[in-house]
Amino acid sequence: MTRALIAILALQPLHLPAAPPEPPPPPEYRVVAIAGRFAAYVGPQPLILSSKLREKSPTTYEAAILAFGPAFTHQQSSSGSWEWHFDDGKSYRVPGNWSGPLTSPITLKLLESSPPPPPKSPTPPPH
């Protein structure tokens, strides 16, 4: 009887609790430092800034970093532009400055976000 019970138990599937799924890896960001200063970051998403910051009008990379914080470059950007994104959907863009000096002059280009597509109207029911 004991052998039969051991044989039956040995044939039963072993039920172990499943390990919890691993969380997705955090987005990866890379810091761009120029002359020891955190000047820009490369990553999948920009930080969103208050649109009130656009009242400032910096004329150099250094002044823009002081006014808005480090610039953003999308990790899949082919141009390497530096950008600052705001909560009203607008953003500033300048050519990337990857080696300095940060005192180089800039002209901020204001980009408007494209309006969202109109909502699709529901299909009317058949008559």
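Computed from heavy atoms alone, side chains included, the values below leave out hydrogens, waters and symmetry copies.
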Note to self: Ring-plane angle category for His85 and Phe72, please: parallel below 30°, perpendicular beyond 60°, tilted otherwise.
What the structure shows: perpendicular
Check: Do the side chain of Thr73 and the main chain of Ser81 share a donor and acceptor less than 3.5 angstrom apart?
Finding: yes
Margin query: Which label fits Tyr41 and Tyr29: parallel for a plane angle under 30°, tilted from 30 to 60°, or perpendicular past 60°?
Written below: tilted
Notebook entry, point to check: Rounded to the nearest 0.5 Å, how far does CG of Leu47 lie from CD of Glu83?
Noted result: 12.5 Å
Note to self: Is any side-chain heavy atom of Ser51 closer than 4.5 Å to one of Asp87?
What the structure shows: yes
Notebook entry, point to check: Of the non-hydrogen atoms in Trp84 and Gly69, which two are nearest, and what is the gap between them?
Noted result: NE1-O, 2.8 Å
Note to self: So Thr60 and Leu102, do their side chains get closer than 4.5 Å, heavy atoms only?
What the structure shows: no
Next item on the list: Would you give the length of the straight line joining atom NZ of Lys56 to atom CZ of Phe68, rounded to the nearest 0.5 angstrom?
Entry: 7.5 Å
Checklist line | Heavy-atom side-chain proximity of Ile65 to Phe38 below 4.5 angstrom | finding: no
Item checked: Over all atoms of both residues, closest heavy-atom pair of Leu53 and Ala67 -> CD2-O, 3.8 Å
Check: Does some side-chain heavy atom of Pro95 sit less than 4.5 Å from a side-chain heavy atom of Tyr61?
Finding: yes
Next item on the list: Flag the pair Ile106 / Trp82 as yes when at least one side-chain heavy-atom distance between them is below 4.5 Å, and no otherwise.
Entry: no
Next item on the list: Begin from the C-alpha positions of Leu49 and Tyr92 and carry the test side-chain contact (heavy atoms from CB on, under 4.5 Å) through to its verdict.
Entry: CA-CA 11 Å; Leu49 307 169; Tyr92 277 140; over 6 Å; no
Checklist line | Closest approach of Glu62 to Thr103 (non-hydrogen atoms, all atoms of both residues) | finding: OE1-CG2, 3.6 Å
Note to self: Return the OG to CZ distance between Ser91 and Phe86, rounded to the nearest 0.5 Å.
What the structure shows: 8.0 Å
Next item on the list: Side-chain contact test, heavy atoms from C-beta onward, threshold under 4.5 Å: evaluate it for Leu66 versus Arg37 and give yes or no.
Entry: yes
Check: At their closest point, which heavy atom of Pro58 faces which heavy atom of Ala64, and how far apart are they?
Finding: CB-N, 3.4 Å
